[in-house]
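Below is one structure, written out as C-alpha coordinates; comments come after it.
Both ligands and their constituent atoms are indexed starting at 1 by order of listing.
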Amino acid sequence: MDSGASTLSLSSSLELQNPNSDPYEGSFVEPSFFQTQTGVPTQFICPKVDLVNAHEELMEPVVDLEGFFRGDSVATQQAATIIRAACLRHGFFQVINHGVDSRLISAAYDHMDHFFNQPTSHKLKARSLPGNMWGYSGAHAHRFSTELPWKETLSFGFHDNSLDPVVVDFFTSTLGKDYQQTGVVYQKYCEEMKRVSGVMMELLAISLGVDRLHYKKYFEDGYSIMRCNYYPPCQEPSLALGTGAHCDPTSLTILHQDQVGGLQVYSNNTWQTVRPRHDTLVINIGETFMALSNGKYKSCLHRATVNSYKARRSLAFFVNPREDKVVRPPSDLLGTQSTRMYPDFTWSDLLQFTQNHYRADDATLQNFTKWLLSSKSLI
Ligand SMILES: C=C1C[C@]23C[C@H]1CC[C@H]2[C@]1(C)CCC[C@@](C)(C(=O)O)[C@H]1[C@@H]3C(=O)O
Ligand SMILES: O=C(O)CCC(=O)C(=O)O
Ligand SMILES: [Fe+2]
(Lines give C-alpha, C1' and ligand atoms only; values in the text may rest on other atoms or scores of the structure.)
(Ligands and ions follow the chains in the order given, each with its own letter.)
Protein backbone atom coordinates (compact mmCIF):
# COMPACT_ATOMS: atom_id res chain seq x y z
CA MET A 1 0.00 0.00 0.00
CA ASP A 2 1.39 3.37 -0.97
CA SER A 3 1.11 5.05 2.41
CA GLY A 4 2.44 8.34 1.05
CA ALA A 5 -0.63 8.80 -1.09
CA SER A 6 -3.24 7.62 1.41
CA THR A 7 -3.28 10.67 3.62
CA LEU A 8 -7.05 10.68 3.86
CA SER A 9 -8.87 8.81 6.52
CA LEU A 10 -11.15 6.62 4.44
CA SER A 11 -14.28 4.97 5.72
CA SER A 12 -13.38 1.63 4.22
CA SER A 13 -9.62 1.49 3.96
CA LEU A 14 -7.89 -1.56 2.56
CA GLU A 15 -6.30 -3.89 5.00
CA LEU A 16 -3.63 -5.28 2.79
CA GLN A 17 -1.35 -8.16 3.56
CA ASN A 18 2.34 -7.44 3.01
CA PRO A 19 2.42 -6.98 -0.78
CA ASN A 20 5.91 -8.50 -1.03
CA SER A 21 5.01 -11.78 0.60
CA ASP A 22 3.39 -14.88 -0.82
CA PRO A 23 -0.29 -13.86 -0.97
CA TYR A 24 -1.47 -17.15 0.52
CA GLU A 25 1.36 -17.70 2.98
CA GLY A 26 0.08 -17.07 6.48
CA SER A 27 -3.32 -15.98 5.21
CA PHE A 28 -5.93 -17.23 7.61
CA VAL A 29 -8.37 -18.52 5.04
CA GLU A 30 -7.41 -21.49 2.95
CA PRO A 31 -9.49 -21.46 -0.22
CA SER A 32 -10.51 -25.08 0.39
CA PHE A 33 -12.13 -23.82 3.53
CA PHE A 34 -15.52 -23.33 1.86
CA GLN A 35 -15.93 -27.06 1.37
CA THR A 36 -15.07 -28.05 4.92
CA GLN A 37 -16.50 -25.42 7.25
CA THR A 38 -19.55 -25.91 9.40
CA GLY A 39 -19.83 -22.33 10.65
CA VAL A 40 -18.91 -18.83 9.59
CA PRO A 41 -15.49 -17.66 10.85
CA THR A 42 -15.33 -14.15 12.25
CA GLN A 43 -13.37 -12.79 9.26
CA PHE A 44 -16.48 -13.29 7.11
CA ILE A 45 -19.05 -11.83 9.45
CA CYS A 46 -20.71 -8.66 8.18
CA PRO A 47 -21.99 -7.03 11.37
CA LYS A 48 -24.09 -4.29 9.83
CA VAL A 49 -25.84 -6.35 7.22
CA ASP A 50 -29.59 -6.11 7.08
CA LEU A 51 -30.61 -9.23 5.22
CA VAL A 52 -34.05 -9.50 6.76
CA ASN A 53 -35.76 -6.71 4.87
CA ALA A 54 -34.74 -7.83 1.43
CA HIS A 55 -37.57 -9.96 0.18
CA GLU A 56 -39.08 -7.44 -2.19
CA GLU A 57 -38.54 -8.23 -5.85
CA LEU A 58 -37.33 -5.49 -8.15
CA MET A 59 -40.14 -4.82 -10.61
CA GLU A 60 -39.07 -3.08 -13.74
CA PRO A 61 -39.66 -3.30 -17.47
CA VAL A 62 -37.02 -5.36 -19.26
CA VAL A 63 -35.45 -3.67 -22.30
CA ASP A 64 -36.07 -5.61 -25.52
CA LEU A 65 -33.18 -5.09 -27.98
CA GLU A 66 -34.94 -6.75 -30.93
CA GLY A 67 -36.10 -3.43 -32.44
CA PHE A 68 -32.66 -1.86 -32.08
CA PHE A 69 -31.08 -4.70 -34.07
CA ARG A 70 -33.79 -4.36 -36.75
CA GLY A 71 -32.93 -0.68 -37.09
CA ASP A 72 -36.42 0.37 -35.96
CA SER A 73 -36.03 3.97 -34.78
CA VAL A 74 -39.28 4.03 -32.76
CA ALA A 75 -38.39 0.84 -30.86
CA THR A 76 -34.83 2.16 -30.33
CA GLN A 77 -36.16 5.39 -28.87
CA GLN A 78 -38.52 3.43 -26.61
CA ALA A 79 -35.62 1.31 -25.35
CA ALA A 80 -33.59 4.48 -24.67
CA THR A 81 -36.50 5.98 -22.74
CA ILE A 82 -36.75 2.95 -20.42
CA ILE A 83 -32.97 2.99 -19.95
CA ARG A 84 -32.96 6.70 -19.10
CA ALA A 85 -35.62 6.28 -16.40
CA ALA A 86 -33.79 3.28 -14.89
CA CYS A 87 -30.40 5.00 -14.91
CA LEU A 88 -31.76 8.18 -13.34
CA ARG A 89 -33.44 6.09 -10.63
CA HIS A 90 -30.87 3.46 -9.67
CA GLY A 91 -28.44 2.75 -12.53
CA PHE A 92 -29.74 -0.73 -13.26
CA PHE A 93 -31.74 -2.46 -15.99
CA GLN A 94 -32.03 -5.79 -17.79
CA VAL A 95 -32.01 -6.64 -21.49
CA ILE A 96 -33.45 -9.48 -23.57
CA ASN A 97 -32.91 -10.38 -27.23
CA HIS A 98 -29.27 -9.38 -26.89
CA GLY A 99 -28.17 -11.99 -29.43
CA VAL A 100 -25.74 -13.91 -27.20
CA ASP A 101 -26.12 -17.62 -27.97
CA SER A 102 -27.55 -19.48 -24.95
CA ARG A 103 -25.19 -22.38 -25.76
CA LEU A 104 -22.22 -20.05 -25.29
CA ILE A 105 -23.57 -18.95 -21.90
CA SER A 106 -24.10 -22.59 -20.87
CA ALA A 107 -20.59 -23.49 -22.01
CA ALA A 108 -19.18 -20.60 -19.94
CA TYR A 109 -20.91 -22.04 -16.84
CA ASP A 110 -19.75 -25.59 -17.61
CA HIS A 111 -16.13 -24.51 -17.87
CA MET A 112 -16.51 -22.46 -14.71
CA ASP A 113 -17.91 -25.48 -12.81
CA HIS A 114 -15.02 -27.59 -14.03
CA PHE A 115 -12.44 -25.09 -12.75
CA PHE A 116 -14.02 -24.29 -9.36
CA ASN A 117 -14.58 -27.98 -8.60
CA GLN A 118 -10.85 -28.72 -8.90
CA PRO A 119 -8.73 -29.20 -5.77
CA THR A 120 -7.36 -26.01 -4.23
CA SER A 121 -3.79 -26.86 -5.25
CA HIS A 122 -4.91 -26.83 -8.89
CA LYS A 123 -6.85 -23.57 -8.62
CA LEU A 124 -3.86 -21.91 -6.99
CA LYS A 125 -1.90 -22.43 -10.21
CA ALA A 126 -3.89 -19.46 -11.46
CA ARG A 127 -3.76 -17.52 -8.21
CA SER A 128 -3.89 -13.78 -8.20
CA LEU A 129 -0.53 -12.25 -7.29
CA PRO A 130 -0.09 -9.02 -5.32
CA GLY A 131 -0.73 -5.94 -7.40
CA ASN A 132 -2.30 -8.01 -10.16
CA MET A 133 -6.00 -8.44 -10.42
CA TRP A 134 -5.91 -11.36 -12.87
CA GLY A 135 -6.29 -14.90 -11.59
CA TYR A 136 -7.95 -16.99 -8.92
CA SER A 137 -8.85 -15.59 -5.50
CA GLY A 138 -10.40 -17.41 -2.52
CA ALA A 139 -12.46 -14.91 -0.50
CA HIS A 140 -9.88 -12.19 -1.35
CA ALA A 141 -8.15 -13.44 1.81
CA HIS A 142 -4.77 -12.36 0.44
CA ARG A 143 -6.02 -8.76 0.24
CA PHE A 144 -8.45 -8.15 3.09
CA SER A 145 -8.90 -9.30 6.68
CA THR A 146 -12.48 -8.42 7.62
CA GLU A 147 -15.95 -8.86 6.07
CA LEU A 148 -14.45 -11.30 3.59
CA PRO A 149 -16.73 -12.10 0.66
CA TRP A 150 -18.07 -15.66 0.67
CA LYS A 151 -16.86 -16.35 -2.85
CA GLU A 152 -14.12 -17.58 -5.09
CA THR A 153 -13.35 -15.61 -8.22
CA LEU A 154 -11.42 -16.04 -11.45
CA SER A 155 -10.60 -12.78 -13.23
CA PHE A 156 -8.87 -11.97 -16.50
CA GLY A 157 -8.50 -9.10 -18.95
CA PHE A 158 -9.91 -8.67 -22.42
CA HIS A 159 -9.23 -6.31 -25.29
CA ASP A 160 -10.60 -6.48 -28.79
CA ASN A 161 -7.88 -7.66 -31.15
CA SER A 162 -8.38 -10.76 -33.21
CA LEU A 163 -4.61 -11.14 -33.66
CA ASP A 164 -4.05 -11.35 -29.94
CA PRO A 165 -6.31 -13.94 -28.22
CA VAL A 166 -5.56 -12.65 -24.71
CA VAL A 167 -8.11 -14.85 -22.98
CA VAL A 168 -6.89 -18.10 -24.56
CA ASP A 169 -3.35 -17.05 -23.60
CA PHE A 170 -4.39 -16.36 -20.00
CA PHE A 171 -5.85 -19.87 -19.59
CA THR A 172 -3.08 -21.81 -21.33
CA SER A 173 -0.27 -19.86 -19.68
CA THR A 174 -1.63 -20.19 -16.13
CA LEU A 175 -3.38 -23.57 -16.22
CA GLY A 176 -1.80 -25.38 -19.15
CA LYS A 177 -2.83 -26.75 -22.53
CA ASP A 178 -5.82 -28.62 -21.04
CA TYR A 179 -7.48 -25.22 -20.66
CA GLN A 180 -7.22 -24.31 -24.36
CA GLN A 181 -10.95 -24.99 -24.90
CA THR A 182 -11.91 -23.05 -21.75
CA GLY A 183 -9.88 -20.15 -23.15
CA VAL A 184 -11.65 -20.37 -26.52
CA VAL A 185 -15.08 -20.33 -24.83
CA TYR A 186 -14.24 -17.30 -22.68
CA GLN A 187 -12.52 -15.50 -25.56
CA LYS A 188 -15.78 -15.81 -27.53
CA TYR A 189 -17.87 -14.89 -24.47
CA CYS A 190 -15.83 -11.69 -23.98
CA GLU A 191 -16.12 -10.81 -27.68
CA GLU A 192 -19.88 -11.12 -27.36
CA MET A 193 -19.92 -8.99 -24.21
CA LYS A 194 -17.88 -6.35 -26.03
CA ARG A 195 -20.43 -6.39 -28.86
CA VAL A 196 -23.33 -5.99 -26.40
CA SER A 197 -21.44 -3.19 -24.62
CA GLY A 198 -21.26 -1.30 -27.94
CA VAL A 199 -25.05 -1.55 -28.25
CA MET A 200 -25.47 -0.35 -24.67
CA MET A 201 -23.17 2.61 -25.28
CA GLU A 202 -25.26 3.65 -28.30
CA LEU A 203 -28.49 3.40 -26.31
CA LEU A 204 -27.00 5.26 -23.35
CA ALA A 205 -25.85 8.06 -25.67
CA ILE A 206 -29.32 8.31 -27.25
CA SER A 207 -30.89 8.31 -23.80
CA LEU A 208 -28.64 11.17 -22.69
CA GLY A 209 -29.22 13.11 -25.92
CA VAL A 210 -25.55 13.14 -26.98
CA ASP A 211 -23.88 12.05 -30.25
CA ARG A 212 -25.06 8.48 -30.72
CA LEU A 213 -21.58 7.06 -31.31
CA HIS A 214 -19.71 9.09 -28.70
CA TYR A 215 -19.48 6.48 -25.91
CA LYS A 216 -19.19 3.53 -28.27
CA LYS A 217 -16.08 5.07 -29.86
CA TYR A 218 -14.73 6.16 -26.49
CA PHE A 219 -14.73 2.58 -25.18
CA GLU A 220 -13.64 0.87 -28.40
CA ASP A 221 -9.97 0.44 -27.44
CA GLY A 222 -10.65 -0.19 -23.75
CA TYR A 223 -9.36 -3.07 -21.65
CA SER A 224 -12.26 -4.89 -20.01
CA ILE A 225 -12.27 -7.18 -16.99
CA MET A 226 -14.03 -10.55 -17.04
CA ARG A 227 -14.80 -12.19 -13.71
CA CYS A 228 -16.35 -15.56 -12.89
CA ASN A 229 -17.95 -15.44 -9.44
CA TYR A 230 -18.51 -18.72 -7.61
CA TYR A 231 -20.44 -18.56 -4.31
CA PRO A 232 -20.25 -21.83 -2.36
CA PRO A 233 -23.16 -22.71 -0.05
CA CYS A 234 -22.82 -21.07 3.36
CA GLN A 235 -24.17 -22.72 6.53
CA GLU A 236 -25.22 -19.41 8.06
CA PRO A 237 -26.12 -17.16 5.14
CA SER A 238 -27.49 -14.42 7.37
CA LEU A 239 -24.00 -13.68 8.71
CA ALA A 240 -21.99 -13.26 5.52
CA LEU A 241 -22.29 -11.79 2.04
CA GLY A 242 -21.13 -13.20 -1.28
CA THR A 243 -20.22 -9.73 -2.49
CA GLY A 244 -20.66 -6.86 -0.07
CA ALA A 245 -22.65 -3.72 -0.90
CA HIS A 246 -20.78 -1.72 -3.52
CA CYS A 247 -20.92 0.30 -6.70
CA ASP A 248 -18.69 -1.05 -9.45
CA PRO A 249 -15.83 1.43 -9.95
CA THR A 250 -15.83 0.42 -13.63
CA SER A 251 -18.04 1.98 -16.34
CA LEU A 252 -20.68 -0.54 -17.26
CA THR A 253 -21.20 -4.09 -15.99
CA ILE A 254 -22.87 -6.78 -18.07
CA LEU A 255 -23.76 -9.67 -15.81
CA HIS A 256 -25.34 -13.04 -16.31
CA GLN A 257 -26.51 -14.82 -13.17
CA ASP A 258 -27.49 -18.49 -12.96
CA GLN A 259 -30.93 -19.58 -11.76
CA VAL A 260 -30.09 -19.70 -8.02
CA GLY A 261 -30.67 -16.03 -7.16
CA GLY A 262 -28.85 -13.72 -4.76
CA LEU A 263 -28.28 -10.44 -6.63
CA GLN A 264 -29.86 -7.45 -4.89
CA VAL A 265 -30.08 -3.83 -5.95
CA TYR A 266 -30.61 -0.90 -3.60
CA SER A 267 -33.54 1.09 -4.89
CA ASN A 268 -36.25 3.19 -3.31
CA ASN A 269 -34.40 3.02 0.04
CA THR A 270 -34.54 -0.74 0.22
CA TRP A 271 -32.71 -3.85 -0.99
CA GLN A 272 -34.62 -5.51 -3.82
CA THR A 273 -33.90 -8.92 -5.28
CA VAL A 274 -33.30 -9.43 -8.98
CA ARG A 275 -35.09 -12.60 -10.05
CA PRO A 276 -32.83 -14.65 -12.34
CA ARG A 277 -33.93 -15.11 -15.97
CA HIS A 278 -31.70 -17.26 -18.11
CA ASP A 279 -32.35 -15.24 -21.30
CA THR A 280 -31.57 -11.91 -19.66
CA LEU A 281 -28.42 -9.86 -19.19
CA VAL A 282 -28.23 -7.58 -16.19
CA ILE A 283 -26.68 -4.18 -16.90
CA ASN A 284 -25.50 -1.72 -14.31
CA ILE A 285 -23.91 1.70 -14.39
CA GLY A 286 -20.56 1.95 -12.61
CA GLU A 287 -18.76 4.90 -11.05
CA THR A 288 -16.77 5.77 -14.18
CA PHE A 289 -19.89 6.03 -16.34
CA MET A 290 -21.54 8.11 -13.63
CA ALA A 291 -18.64 10.55 -14.05
CA LEU A 292 -18.96 10.37 -17.86
CA SER A 293 -22.61 11.38 -17.52
CA ASN A 294 -21.61 14.25 -15.18
CA GLY A 295 -23.44 12.55 -12.31
CA LYS A 296 -26.76 12.31 -14.20
CA TYR A 297 -26.85 8.53 -14.23
CA LYS A 298 -26.53 6.79 -10.88
CA SER A 299 -23.94 4.15 -10.31
CA CYS A 300 -25.85 1.16 -9.04
CA LEU A 301 -25.52 0.05 -5.40
CA HIS A 302 -25.77 -3.72 -5.30
CA ARG A 303 -24.64 -6.84 -3.45
CA ALA A 304 -24.86 -10.64 -3.67
CA THR A 305 -26.24 -12.78 -0.87
CA VAL A 306 -25.44 -16.46 -0.30
CA ASN A 307 -27.60 -19.43 0.64
CA SER A 308 -27.17 -22.67 2.54
CA TYR A 309 -28.29 -25.14 -0.14
CA LYS A 310 -26.74 -24.46 -3.54
CA ALA A 311 -23.63 -22.89 -5.02
CA ARG A 312 -24.39 -19.80 -7.10
CA ARG A 313 -22.49 -18.56 -10.14
CA SER A 314 -22.38 -15.33 -12.06
CA LEU A 315 -20.40 -14.04 -15.04
CA ALA A 316 -19.46 -10.37 -14.81
CA PHE A 317 -17.97 -8.35 -17.67
CA PHE A 318 -16.73 -4.92 -16.59
CA VAL A 319 -16.34 -2.38 -19.40
CA ASN A 320 -13.53 0.18 -19.07
CA PRO A 321 -11.99 2.87 -21.22
CA ARG A 322 -8.32 2.59 -22.24
CA GLU A 323 -6.38 3.17 -19.03
CA ASP A 324 -4.85 6.53 -20.01
CA LYS A 325 -8.00 8.09 -21.48
CA VAL A 326 -9.35 11.13 -19.63
CA VAL A 327 -12.74 10.51 -18.03
CA ARG A 328 -14.74 13.62 -18.89
CA PRO A 329 -18.40 14.06 -19.93
CA PRO A 330 -18.97 14.88 -23.62
CA SER A 331 -19.27 18.59 -24.39
CA ASP A 332 -22.79 18.15 -25.85
CA LEU A 333 -23.91 16.79 -22.48
CA LEU A 334 -22.47 19.71 -20.53
CA GLY A 335 -23.92 22.23 -22.99
CA THR A 336 -24.03 25.69 -21.52
CA GLN A 337 -24.28 24.33 -18.00
CA SER A 338 -20.59 23.77 -17.46
CA THR A 339 -20.58 22.82 -13.77
CA ARG A 340 -18.53 19.66 -13.55
CA MET A 341 -19.53 17.13 -10.87
CA TYR A 342 -16.14 15.35 -10.85
CA PRO A 343 -12.60 16.32 -11.80
CA ASP A 344 -10.86 14.82 -14.83
CA PHE A 345 -9.24 11.48 -14.04
CA THR A 346 -8.05 8.37 -15.85
CA TRP A 347 -9.36 4.83 -15.41
CA SER A 348 -5.81 3.86 -14.49
CA ASP A 349 -5.96 6.26 -11.47
CA LEU A 350 -9.28 4.86 -10.26
CA LEU A 351 -8.22 1.25 -10.79
CA GLN A 352 -5.02 1.84 -8.85
CA PHE A 353 -7.06 3.45 -6.06
CA THR A 354 -9.34 0.38 -5.73
CA GLN A 355 -6.47 -2.08 -5.94
CA ASN A 356 -3.99 -0.34 -3.64
CA HIS A 357 -5.72 2.11 -1.35
CA TYR A 358 -9.42 1.52 -0.99
CA ARG A 359 -11.78 -1.45 -0.97
CA ALA A 360 -14.56 -0.60 -3.41
CA ASP A 361 -17.83 0.14 -1.62
CA ASP A 362 -20.78 2.51 -1.96
CA ALA A 363 -18.66 5.68 -1.86
CA THR A 364 -15.67 4.83 -4.04
CA LEU A 365 -15.97 7.72 -6.50
CA GLN A 366 -16.53 10.28 -3.76
CA ASN A 367 -13.48 9.13 -1.79
CA PHE A 368 -11.42 8.68 -4.95
CA THR A 369 -12.00 12.28 -6.04
CA LYS A 370 -11.02 13.53 -2.55
CA TRP A 371 -7.88 11.40 -2.71
CA LEU A 372 -7.10 12.59 -6.23
CA LEU A 373 -7.47 16.24 -5.35
CA SER A 374 -5.43 15.90 -2.16
CA SER A 375 -2.65 13.94 -3.88
CA LYS A 376 -2.53 16.56 -6.68
CA SER A 377 -2.26 19.35 -4.13
CA LEU A 378 0.78 17.56 -2.65
CA ILE A 379 2.69 17.78 -5.96
C1 LIG B 1 -12.08 -2.77 -10.64
C2 LIG B 1 -12.66 -3.72 -9.94
C3 LIG B 1 -12.58 -3.84 -8.45
C4 LIG B 1 -13.51 -5.00 -8.17
C5 LIG B 1 -13.35 -5.84 -9.41
C6 LIG B 1 -13.48 -4.83 -10.50
C7 LIG B 1 -14.95 -4.40 -10.60
C8 LIG B 1 -15.75 -4.54 -9.29
C9 LIG B 1 -14.94 -4.43 -7.99
C10 LIG B 1 -15.54 -5.22 -6.76
C11 LIG B 1 -16.30 -6.44 -7.23
C12 LIG B 1 -16.49 -4.38 -5.91
C13 LIG B 1 -16.79 -5.10 -4.57
C14 LIG B 1 -15.52 -5.37 -3.77
C15 LIG B 1 -14.51 -6.21 -4.56
C16 LIG B 1 -13.22 -6.28 -3.77
C17 LIG B 1 -15.02 -7.66 -4.62
O18 LIG B 1 -15.77 -8.08 -3.71
O19 LIG B 1 -14.66 -8.44 -5.50
C20 LIG B 1 -14.28 -5.46 -5.91
C21 LIG B 1 -13.28 -5.88 -6.94
C22 LIG B 1 -11.82 -5.97 -6.55
O23 LIG B 1 -11.18 -4.99 -6.10
O24 LIG B 1 -11.30 -7.05 -6.79
O1 LIG C 1 -22.71 -12.12 -8.41
C2 LIG C 1 -23.45 -11.15 -8.59
O3 LIG C 1 -24.64 -11.25 -8.86
C4 LIG C 1 -22.89 -9.76 -8.44
C5 LIG C 1 -21.37 -9.70 -8.49
C6 LIG C 1 -20.85 -8.31 -8.49
O7 LIG C 1 -21.53 -7.39 -8.10
C8 LIG C 1 -19.50 -8.05 -8.97
O9 LIG C 1 -18.76 -9.01 -9.31
O10 LIG C 1 -19.14 -6.85 -9.06
FE1 LIG D 1 -20.66 -5.46 -8.72
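- In this structure, the protein non-hydrogen atom closest to atom 9 (O) of ligand 2 is Asn229 ND2, 3.1 Å.
- Annotation for ligand 2: atoms under 4.0 Å from non-hydrogen atoms of Phe318 are 8 (C), 9 (O), 10 (O).
- Taking each of Arg303, Glu287, Arg143 in turn, the one with a heavy atom nearest to atom 24 (O) of ligand 1 proves to be Arg143.
- In terms of polar-atom proximity, Arg359 is not counted as a contact of ligand 1, lacking any N or O under 3.5 Å from an N or O of the ligand.
- Ligand 2 has an N or O atom lying under 3.5 Å from an N or O atom of His246, backbone or side chain.
- Below 4.0 Å from some heavy atom of Phe144 lie the following atoms of ligand 1, by number and element: 16 (C).
- A donor-acceptor contact shorter than 3.5 Å links the side chain of His256 to the backbone of His278.
- Distances from atom 10 (O) of ligand 2 to the heavy atoms of Ile225, Leu315, Asp248, Val274 show the closest one on Asp248.
- Below 30°, between 30° and 60°, or above 60°: for Phe116 and Tyr136 the angle between ring planes is between 30° and 60°, a tilted geometry.
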Carefully, step by step, assess Ile105 and Tyr189 under the rule side chain to side chain contact (heavy atoms under 4.5 Å, CB included).
CA-CA 7 Å; Ile105 298 174; Tyr189 187 86; 4.1 Å; yes
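- Where the criterion is an N or O separation shorter than 3.5 Å, residue side chain and backbone included, Arg227 meets it with respect to ligand 1.
- The shortest heavy-atom distance from Arg303 to ligand 2 is not under 4.0 Å.
- By the criterion of a separation under 2.8 Å, the protein N/O/S atoms near the Fe ion (ligand 3) amount to His246 NE2, Asp248 OD1, His302 NE2.
- The protein heavy atom nearest to atom 14 (C) of ligand 1 is Ala360 O, 3.8 Å.
- The closest protein non-hydrogen atom to atom 5 (C) of ligand 2 is Tyr231 OH, 3.4 Å.
- Comment: Asp101 does not engage Lys188 in a salt bridge, judged by the lack of any side-chain N to carboxylate O separation of less than 4.0 angstrom.
- Ring geometry for Phe171 versus Tyr186: interplanar angle under 30°, hence parallel rather than tilted (30 to 60°).
- Using modelled atom types, one finds a donor on one side chain and an acceptor on the other under 3.5 Å when comparing Ser155 with Arg227.
- Closest to atom 3 (O) of ligand 2 by heavy atom, among Arg313, Arg312, His302, is Arg312.
- A side-chain donor-acceptor contact under 3.5 Å links Asp332 to the backbone of Asp211.
- Using cut-offs of 30° and 60° on the angle between ring planes, the pair Phe92 and His90 is perpendicular.
- Here the protein heavy atom with the shortest distance to atom 18 (O) of ligand 1 is Lys151 NZ, 3.0 Å.
- Phe353 and His357 have tilted rings, their planes meeting at an angle from 30° to 60° on a 0 to 90° scale.
- Counting only heavy atoms of the protein, atom 9 (C) of ligand 1 lies nearest to Pro249 CD, 3.9 Å.
- Ligand 1 is approached by Met133 to a heavy-atom distance shorter than 4.0 Å.
- Between the OG atom in Ser251 and the CD1 atom in Ile285 there is a gap of 9.0 Å [rounded to 0.5 Å].
- For atom 12 (C) of ligand 1, the closest non-hydrogen atom of the protein is His246 CD2, 3.2 Å.
- Ring planes of His214 and Tyr218: parallel class, angle under 30° (limits at 30 and 60°).
- Considering only residues two or more places apart in sequence or on other chains, His122 meets the ring-ring contact (aromatic ring centres under 6.0 Å, His included) condition with Tyr179.
- Using a 4.0 Å cut-off between charged nitrogen and carboxylate oxygen, Glu60 and Arg89 count as a salt-bridge pair.
- For Glu66 and Arg70, the salt-bridge test passes: some basic side-chain N is under 4.0 Å from an acidic carboxylate O.
- Where the criterion is an N or O separation shorter than 3.5 Å, residue side chain and backbone included, Ser314 meets it with respect to ligand 2.
- Near His140, the atoms of ligand 1 lying under 4.0 angstrom from a non-hydrogen atom of the residue are 16 (C), 17 (C), 18 (O), 19 (O).
- Checked by atom type and distance alone, the side chain of Thr364 never pairs as donor or acceptor with a backbone atom of Ala360 at under 3.5 Å.
- Of all atoms in ligand 1, listed by their number and element, those nearer than 4.0 Å to a heavy atom of Leu351 are 1 (C).
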